Amino acid sequence: MSSTDQSPTSNFIRNIIIDDIQAQKYKRPIMTRFPPEPNGYLHIGHAKSICLNFGLAAEFGGVCNLRFDDTNPSKEEIEYVESIQEDVRWLGFDWESRLYYASDYFNRLYDHAVQLIQKGKAYVCSLSADDIRQYRGTLTEPGKDSPYRNRLVEENLDLFARMRNGDFPDGTHVLRAKIDMAAPNLVMRDPTIYRIRHASHHRTGDTWCIYPMYDFTHCLSDAIEGITHSICTLEFENNRSLYDWVLDELEVACHPQQIEFARLNLTYAVLSKRKMIELVEKKYVSGWNDPRMPSISGIRRRGYPPEAIRNFCERIGVARRDSTVDMALLEHCVRENLNDRAPRVMAVLNPIRVVIDNYPEGQVEWLEAPYHPENPQMGSRNLPFSKTLFIEADDFMEDPPKKFYRLAPGREVRLRYAFFIKCAYVVKDEITGKILELHCTYDPETRGGGAPDGRKVKATLHWVSADHAIGAEVRLYNHLFTRPDPDSAKDGTDFKEFINPDSLIPLTDCRLEPALADAASGSHYQFERLGYFCVDTVDSRQTAPVFNRTVTLKDEWAKIRNK
RNA sequence: UGGGGCGUCGUCAAGCGGUAAGACACAGGAUUUUGGUUCCUGCACUCGGAGGUUCGAAUCCUCCCGCCCCAGCCA
């Protein structure tokens, strides 16, 4: 019943792994890792990486580690390590006992740094940060050697030990790899590999006051864990030379292969950590888990199922070219999944009162309605039908255009699983002209929705019984931005200028069929003819339900109407 | 005017010298008690451009054009 995952299409990383396995490059199963820095929440772009790393490992009988790249105590927090684990688990992946932290390797990393010094391949540089930048040169001019570049090994060893001992304040010294100040690749111009930071680390506390840099830590962590394929995004391509240099200089058990792929971009969204933080901090959204955010916690709360995300990640492919995936594909994956599993139910979002003039006052009859017409196994519930109902305001037009075939004066339509009704007349407010209620007649012969005489109606409407419906708030979500590329206005307009004023439309006067009274937190439903909705996990209460619109149904009428 | 990457349908993306998969989107049509679903059909004589090699090129070579990344003691 659940949507089957797409059969994997070829991609260059999978091909590399297949070749490596065929060539018997490794005497053991392949091993990958997902290495987030715990300095923020995960988003859909991370999901691509997670699915890739865990997915490839599973596909080829290997394993994938979860490793926190926690080498910068001033930016990282325990809150993030917890949310990241929750998100990865929610996506459906299991690192079993392989939860690692780069900080677990601080001792070994320190030893490796000492080895580099002993080999004459690293030195303590006492230039200021500013001077280091000056000495680095530019894209077109070579850098020049630091005056500290030729310090003796013994002096370097002593200084580095004292750095570790806390003898120096922040910023006074760094440890640098001695490579080549004239290298055309800036990364190789004697990169800093250790800096002094008198800061408390979320795991090691105050044990250390020097912390290794990414380029030194990451490759060694990969080697320590025995990673075979170290998959990262394109912006690390320049760093690969350094990744390889460190592992070549040091005695390590293995030398993983770094492979870069293009990060995910999505239309109508912004996926950079910096911009997402700005949206949260400046209150453009309610938080990291605002259903409009592309964060994992946001899309979870929005109601996107993990299976849909995984399917999406498989479908977008993996390549090396910069690309922007159409949000419509993500939404398609969500609909495809929810179409199979979501029970159908009726909810009127913008109610308009309908009085059935020929229906007996006070009478109620209960009509059986399946939860999923294509899947009878999902069962059914009974709907109360009575003299006063609500239908959707959009389903009635007093003066309908050509292609509109819902309710209008004199016209007959079907109420789903109930009766045919015909609109007799409209009652309006004498002053404002606003429609107050519709008066209709029903045909008792059409009970259940079928006409014994075989006559047809052009439309079937959803409805609820006024006396039995329960009130609810429904939050309609739309794209957070009005433009597919909020990030890259050619005139440099700030992305926040493109925030969609209609990205959240809260409706507080919605009426739900009574079966929804005990909808579980987070559960998914299709509100017939409207879209997929879920019970909000944060604000919904038994006495005051709140539903989020996950995604609309495809809407042919909306297309016609907009022409 | 340093180095490293990348350019195949509107958007993703296979293809790796033998004559352009697939998906989304879009446009028609059928079925339908959701203008939903499902089902058909259409949608790149052409692969950034120009030359060249070859019986044969998106795939190899040359030149050109465009876009992305790198000057954190961030990752």
Side-chain angles (χ1 to χ4, degrees), chain A residues 6-7 9-11 15 35-37 39 69 71-72 74-75 125 127-129 132-134 136-143 170-176 182-189 191-197 210-211 213-215 217-218 232-241 260 262 267 273 315-333 335-336 339-340 344 346 369 373-374 403-406 414-418 420 446 448-451 456-462 484 526-531 552-561:
Chain A
Q6 213 67 6
S7 64
T9 56
S10 166
N11 73 57
N15 291 344
E37 181 188 12
N39 71 341
D69 219 329
T71 58
N72 187 351
S74 42
K75 293 171 101 177
C125 181
L127 247 23
S128 68
I132 287 182
R133 193 182 322 123
Q134 295 297 327
R136 187 153 30 225
T138 69
L139 294 178
T140 50
E141 305 156 29
D170 288 6
T172 50
H173 307 276
V174 294
L175 184 69
R176 294 227 254 166
N185 180 356
L186 267 39
V187 170
M188 299 298 272
R189 319 245 259 229
T192 299
I193 56 177
Y194 261 93
R195 76 289 215 188
I196 300 171
R197 273 267 200 298
I210 57 171
Y211 292 91
M213 300 283 289
Y214 165 83
D215 286 306
T217 308
H218 203 89
C232 63
T233 44
L234 243 28
E235 67 269 27
F236 291 100
E237 195 164 3
N238 296 312
N239 301 57
R240 190 172 66 230
S241 310
E260 311 87 16
T267 57
K273 215 175 254 184
R315 287 199 198 199
I316 57 178
V318 182
R320 286 177 67 86
R321 85 179 72 151
D322 294 315
S323 61
T324 302
V325 175
D326 196 334
M327 180 72 89
L329 178 58
L330 214 206
E331 293 174 341
H332 168 81
C333 292
R335 286 191 191 100
E336 181 180 65
N339 178 48
D340 287 345
R344 272 58 171 169
M346 291 199 281
E374 274 101 50
K403 294 283 190 54
F404 182 90
Y405 47 81
R406 276 109 99 141
R414 169 168 41 233
L415 293 183
R416 179 142 239 225
Y417 302 127
F420 284 11
T446 57
K456 302 280 188 224
V457 287
K458 292 277 279 180
T460 299
L461 309 186
H462 59 278
Q526 183 197 97
F527 289 177
E528 292 215 37
R529 306 207 305 132
L530 297 173
T552 61
L553 250 29
K554 286 209 277 184
D555 190 349
E556 196 71 21
W557 166 241
K559 280 186 194 171
I560 297 168
R561 186 215 296 135

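What you are looking at is a predicted structure, and each value in this text was computed from that prediction instead of being measured. In what follows, chains are A, B, ... by sequence order, proteins preceding strands, each numbered from 1.
The side chain of A:Asp326 lies closest to B:G10 when the candidates are B:A27, B:G10, B:G72. Ranking B:C24, B:G35, B:U37 by closeness to the A:Arg406 side chain, first place goes to B:G35. Side-chain proximity of A:Ala319 to B:C70, B:A14, B:A75: nearest is B:A14. Nearest nucleotide to the A:Thr140 side chain, out of B:C12, B:G2, B:A71: B:G2. Proximity note for A:Leu553 (side chain, C-beta onward) versus B:G36, B:A14, B:A75: the nearest is B:G36. Checking B:A71, B:G35, B:A75 against every side-chain atom of A:Ile560, the shortest atom distance belongs to B:G35. In this structure, the nucleotide among B:C74, B:C12, B:C6 sitting nearest to the side chain of A:Ile316 is B:C12. Closest to the side chain of A:Arg320, out of B:C6, B:C73, B:A14, is B:C6.
Residue A:Ser74 is out of contact with every strand shown, counting any heavy-atom pair closer than 4.0 Å. Nucleic acid contact class of A:Ile196 (heavy atoms, under 4.0 Å, all strands): none. Among the protein residues, A:Val457 comes within range of no part of the nucleic acid, since none of its heavy atoms lies under 4.0 Å from any strand. Across all strands, A:Arg136 comes closer than 4.0 Å only to sugar-phosphate atoms, never to a base (heavy-atom distances). Among the heavy atoms of the strands, none lies under 4.0 Å from A:Gly531. Across all strands shown, A:Ile132 has heavy atoms under 4.0 Å from base atoms, whether or not it also approaches the sugar-phosphate. A:Lys559 comes within 4.0 angstrom of the backbone, heavy atoms only, and of no base. At the heavy-atom level, A:Phe404 lies under 4.0 Å from base atoms of the strands shown. As judged by a 4.0 angstrom heavy-atom cut-off over every strand, A:Ser323 is placed among residues touching the sugar-phosphate backbone only. Among the protein residues, A:Tyr211 comes within range of no part of the nucleic acid, since none of its heavy atoms lies under 4.0 Å from any strand. Using a 4.0 Å heavy-atom criterion, one finds that A:Asn239 contacts the bases of the nucleic acid, with or without backbone contacts as well. Nucleic acid contact class of A:Arg321 (heavy atoms, under 4.0 Å, all strands): base. Counting any heavy atom pair closer than 4.0 Å across all strands shown, A:Phe236 reaches a base atom. Nucleic acid contact for A:Arg133: sugar-phosphate only, since backbone atoms but no base atoms lie under 4.0 Å from a heavy atom of the residue.
When the P atom is compared between B:U8 and B:A58, the two are found 15 Å apart, to the nearest whole Å. Going from the C1' atom of B:C73 to that of B:A23 covers 46 Å, rounded to whole Å. Rounded to whole Å, the separation between the P atoms of B:C69 and B:C64 comes to 23 Å. Nucleotides B:A44 and B:U62 place their C1' atoms 27 Å apart, quoted to the nearest Å. Nucleotides B:G4 and B:C45 place their C1' atoms 36 Å apart, quoted to the nearest Å. The separation of B:G10 from B:A71, taken at their P atoms, amounts to 35 Å, rounded to a whole angstrom. With both ends at atom P, the span from B:C43 to B:U54 equals 36 Å, rounded to whole Å. Between B:G15 and B:U46, the distance separating the two C1' atoms is 14 Å to the nearest Å.
Considering only side-chain N and O atoms, A:Arg344 lies nowhere under 4.0 angstrom from the phosphate OP1 or OP2 of B:U37. For B:G35, neither phosphate oxygen OP1 nor OP2 lies less than 4.0 angstrom from any side-chain nitrogen or oxygen of A:Lys554. Dashed line: the shortest gap from a side-chain N or O of A:Arg315 to OP1 or OP2 of B:C12 is not under 4.0 Å. Here A:Ser128 does not reach the OP1 or OP2 of B:C73: none of its side-chain N or O atoms lies under 4.0 Å away. Here A:His332 reaches the OP1 or OP2 of B:C24: one of its side-chain N or O atoms lies under 4.0 Å away. Taking 4.0 angstrom as the limit, A:Arg529 places none of its side-chain polar atoms (N or O) nearer than this to OP1 or OP2 of B:G36. In this model, the phosphate group of B:U32 is not approached by any side-chain N or O of A:Thr460 to a distance below 4.0 Å at OP1 or OP2. Contact between the side-chain N/O atoms of A:Arg195 and the OP1/OP2 oxygens of B:C74 is found at a separation under 4.0 Å.
Residue side chain A:Arg414 does not reach the base of B:U34 through any donor-acceptor N/O pair under 3.5 Å, judged by distance alone. The base of B:G36 lies close enough to the side chain of A:Glu374 for a donor and an acceptor atom to sit less than 3.5 Å apart. For A:Asn238 against B:G3, a side-chain-to-base donor-acceptor contact under 3.5 Å is present.
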Subject >> Secondary structure string for RNA chain B (Watson-Crick or G-U under 3.5 angstrom, | for other-strand pairs) >> reply: .(((((((.[[[..)..(...]]].(((((.......))))).....[[[[[..)....]]]]])))))).....
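No aromatic stack links A:Tyr214 and the base of B:A75, using centre distance under 5.5 Å and interplanar angle under 30°.
Taking atom CG of residue A:Asp322 and atom P of nucleotide B:U11, one finds them 14 Å apart after rounding to whole Å. The CD-P distance, from A:Glu528 to B:U37, rounds to 13 Å in whole Å.
Residues A:Asn185 and A:Leu127 each lie close to RNA chain B; by heavy-atom proximity, the contact nearer the 5' end of the strand is made by A:Asn185. Of the two residues near RNA chain B, A:Asp170 and A:Arg335, the one whose nearest nucleotide lies more 5' is A:Arg335.
Between the side chain of A:Arg189 and the main chain of A:Ala183, a donor-acceptor pair closer than 3.5 Å is present.
With its glycosidic angle more than 90° from 0, B:G10 adopts the anti conformation.
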